[in-house]
Asker: 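Below: one structure in structure tokens.
In this text, all values refer to a predicted model and were calculated from it rather than measured experimentally.
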Amino acid sequence: MKKRSIFSRFNNWFIFSLMTLVVIAIVIASTLVINYLRREEVRRVDILVSAIKFQQEATSSSLEVQSLLLTIYSSNTTIPVIILDKNDQVIEHKNISKEYENSNQEIVDLAKRMAKKYPPIELEFSNGNNQFLYYDNSKILNNLQYSPFLLGFFVLCYFLFSFWFLRTVKKTDEGYLWAGLAKETAHQIGTPLSSMMGWMEIMKLENPESDGVHEIEKDIERLRTISERFSKIGSVPELNDMNFNETIQENYDYLKTRISKKINFTLLLPTYNILVPHNKILMSWVIENLVKNAVDAMKGQGILQMSVFERNKNILIEVKDNGSGMTKYQAQNAFKPGYSTKKRGWGLGLSLAKRVVQEYHNGDIKISQTEVGKGTTFRIIIKKG
């Protein structure tokens, strides 16, 4: 339940690298196919040029040869071709857009643009009336030149969506797991707690003024509250409590008497009441988790300060200690379920606290400041309106 193993991290990087290689391979394969098709079109143009030269230079030829030449010429239904003489007069054109067909000058301009991509092929004739054949790739092949990148982009989007979907399913499963665990814990606590409450009533009858009895009664009430907290995980709590100062003060009073006397624990509250809808039981749990984490970080001695204030229509609660602090890695993973820096612990406290604040109170909780050897400041943000 501590840091993720190196094998787990390796597997994630391996999957990411494999996905990247698949996308790159698809782009390269598509590019190779398009380049092959481009070379095939150039080869077809060379055959067409040879047929034209043979047809114009042949003094006589059989009907079969003439038919073959005509077939070669007419078989080109996709590759745009323009033939100009040495004076840039249009001799022939084929498979060009209809918008150019009624203007010889526009056809000539189109041919010059084609020459920037492929150099024109000179048709040399014995009479000296040489011609120049301009050509370009077919329209469909020109459009296909962007397809490898689009295909790679869509494949990458598919992988990212799949990753997001699986992560969402995993988080949902984790939520059900923690909720089930919390409810089972509440159920298990409930049985001995009921028995303790019964024995407490007997003890009060025998010695009602005992200080020990009163303190044990407080702890039993606290156990009852903890049981109720666990039972609320997984269900939608009611935000009926309003006086936020009262909730914080009650938590402070309870925790101050139960942490080390070597810790200087102080509370800073505004002089006016802060009214914000919240669930006192769950919010008390969040505060208690942060305070206990701070106490553990200070190893039982140090300065611990809890403060409440308003900023930009938000209520901010800060728990600041001067304990061991956190590394960057620890701070990034502090709220993840199962992560803990303690030798004993399930790593659920901060993750459940984050869920209580974010999902039930529409707020946020984060580590606003931490430094190894100097301490940590946790900040809870709750919208006032």
Side-chain angles (χ1 to χ4, degrees), residues 178 182 222 225-226 228-230 232-233 237 241 244-260 262-270 274 276 278-311 314-327 330-342 344-372 374-383:
W178 301 136
R222 192 67 175 181
T225 302
I226 291 172
E228 190 173 351
R229 290 174 182 171
F230 277 110
K232 288 181 179 294
I233 295 297
D241 303 296
F244 205 72
N245 294 36
E246 182 180 323
T247 299
I248 301 298
Q249 185 69 56
E250 287 180 2
N251 274 269
Y252 171 77
D253 293 339
Y254 175 82
L255 293 170
K256 186 174 176 63
T257 60
R258 282 162 175 77
I259 63 176
S260 172
K262 296 180 180 180
I263 293 179
N264 182 14
F265 188 18
T266 58
L267 172 64
L268 298 177
L269 279 176
I274 294 178
V276 57
H278 66 283
N279 185 283
K280 181 183 290 188
I281 293 175
L282 292 180
M283 189 54 64
S284 298
W285 191 4
V286 175
I287 299 299
E288 185 174 327
N289 264 298
L290 297 184
V291 170
K292 287 184 175 179
N293 271 279
V295 171
D296 290 340
M298 293 186 292
K299 302 187 185 305
Q301 60 180 355
I303 300 174
L304 176 59
Q305 183 183 79
M306 184 162 58
S307 55
V308 180
F309 53 95
E310 288 189 67
R311 179 184 295 172
N314 291 327
I315 308 300
L316 275 65
I317 308 98
E318 287 190 346
V319 178
K320 182 179 181 181
D321 66 71
N322 65 341
S324 58
M326 299 184 189
T327 64
Q330 290 172 336
Q332 289 175 343
N333 293 276
F335 294 101
K336 291 183 178 179
Y339 180 81
S340 175
T341 58
K342 304 171 188 176
R344 293 184 178 181
W346 287 11
L348 298 180
L350 289 179
S351 64
L352 288 174
K354 190 177 185 73
R355 179 171 181 173
V356 167
V357 174
Q358 289 187 335
E359 297 186 14
Y360 299 152
H361 291 85
N362 194 27
D364 194 17
I365 181 172
K366 61 183 180 180
I367 298 172
S368 62
Q369 185 276 332
T370 187
E371 186 175 348
V372 176
K374 293 189 177 181
T376 302
T377 301
F378 283 90
R379 176 177 292 175
I380 303 171
I381 305 170
I382 298 178
K383 295 180 181 178

Asker: Is there a donor-acceptor contact under 3.5 Å from the side chain of Asn279 to the main chain of Leu282?
Answerer: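 Here the side-chain-to-backbone pair exists.
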Asker: Does a side-chain heavy-atom distance below 4.5 Å link Ile287 with Met306?
Answerer: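 Side chain of Ile287 against side chain of Met306, heavy atoms only: contact under 4.5 Å found.
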Asker: Can you tell me how far apart OG (Ser324) and CE (Met298) are? Round to the nearest 0.5 Å.
Answerer: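 It comes to 10.0 Å.
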Asker: Would Glu250 and Lys280 pass as an ion pair if we require N to O under 4.0 Å?
Answerer: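 Looking at Glu250 and Lys280, the cut-off is met.
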Asker: Taking salt bridge (charged side-chain N to carboxylate O under 4.0 Å, His left out) as the test, write out the residues that go with Lys374, two or more places apart.
Answerer: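 Lys374 satisfies salt bridge (charged side-chain N to carboxylate O under 4.0 Å, His left out) with Glu371 once adjacent residues are dropped.
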Asker: With Thr247, which residues qualify under side chain to side chain donor-acceptor pair (under 3.5 Å), at least two apart?
Answerer: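 With sequence neighbours excluded, Thr247 shows a side chain to side chain donor-acceptor pair (under 3.5 Å) to His278, given in chain and number order.
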Asker: Got a donor-acceptor contact below 3.5 angstrom from the Ser368 side chain to the Arg379 backbone?
Answerer: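 Flag not set: sc Ser368 to bb Arg379 has no pair under 3.5 Å.
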Asker: Just jot down the side chain to side chain donor-acceptor pair (under 3.5 Å) partners of Gln369, sequence neighbours excluded, or say none.
Answerer: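 Here no residue qualifies.
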Asker: Identify, with sequence neighbours excluded, every residue that meets side chain to side chain contact (heavy atoms under 4.5 Å, CB included) alongside Gln332.
Answerer: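 By the side chain to side chain contact (heavy atoms under 4.5 Å, CB included) rule, Gln332 matches Lys328.
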Asker: Residues two or more places apart in sequence or in another chain: which of them pass side chain to side chain donor-acceptor pair (under 3.5 Å) with Asp364?
Answerer: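 Side chain to side chain donor-acceptor pair (under 3.5 Å) list for Asp364, sorted by chain: Gln358.
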Asker: Could you list the residues that satisfy ring pair (Phe, Tyr, Trp, His ring centres under 6.0 Å) with Phe378, not counting sequence neighbours?
Answerer: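 Phe378: no ring pair (Phe, Tyr, Trp, His ring centres under 6.0 Å) contacts found.
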Asker: Go through the structure and list residues passing side chain to side chain donor-acceptor pair (under 3.5 Å) with Thr370, not counting sequence neighbours.
Answerer: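 Thr376.
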Asker: For the CD atom of Glu246 and the CD1 atom of Ile274, what is their distance to the nearest 0.5 Å?
Answerer: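 Atom-to-atom, Glu246:CD and Ile274:CD1 are 13.0 Å apart.
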Asker: List the residues meeting side chain to side chain contact (heavy atoms under 4.5 Å, CB included) with Asn362, not counting sequence neighbours, and say none if there are none.
Answerer: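 So Asn362 forms a side chain to side chain contact (heavy atoms under 4.5 Å, CB included) with Lys383.
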Asker: Is it the case that Gln249 and Asp253 place a side-chain donor and acceptor less than 3.5 Å from each other?
Answerer: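 There is such a pair between these side chains.
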Asker: Do Lys292 and Asn289 get their side chains close enough for a donor-acceptor pair, meaning under 3.5 Å?
Answerer: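 Not at all, the side chains of Lys292 and Asn289 share no donor-acceptor pair under 3.5 Å.
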Asker: Suppose we screen for ring pair (Phe, Tyr, Trp, His ring centres under 6.0 Å). Which residues come up paired with Tyr254, at least two apart in sequence or across chains?
Answerer: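 Applying ring pair (Phe, Tyr, Trp, His ring centres under 6.0 Å) to Tyr254 gives none.
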Asker: Using the test side chain to side chain contact (heavy atoms under 4.5 Å, CB included), find all partners of Val357 that sit at least two apart in sequence or belong to another chain.
Answerer: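 With sequence neighbours excluded, Val357 shows a side chain to side chain contact (heavy atoms under 4.5 Å, CB included) to Val286, Ile365, Ile380, given in chain and number order.
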Asker: Going by salt bridge (charged side-chain N to carboxylate O under 4.0 Å, His left out), name the residues that satisfy it together with Arg258, two or more places apart in sequence or in a different chain.
Answerer: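 By the salt bridge (charged side-chain N to carboxylate O under 4.0 Å, His left out) rule, Arg258 matches Glu215, Asp219.
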Asker: How long is the span from the CD atom in Gln305 to the OG1 atom in Thr377, to the nearest 0.5 Å?
Answerer: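 Here the rounded value is 9.0 Å.
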Asker: Going by the rule side chain to side chain contact (heavy atoms under 4.5 Å, CB included), which residues pair with Ile259 if we only count those two or more places apart in sequence or in a different chain?
Answerer: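 Testing Ile259 for side chain to side chain contact (heavy atoms under 4.5 Å, CB included), a comparison that skips the adjacent residues, returns Ile263, Phe265, Val295.
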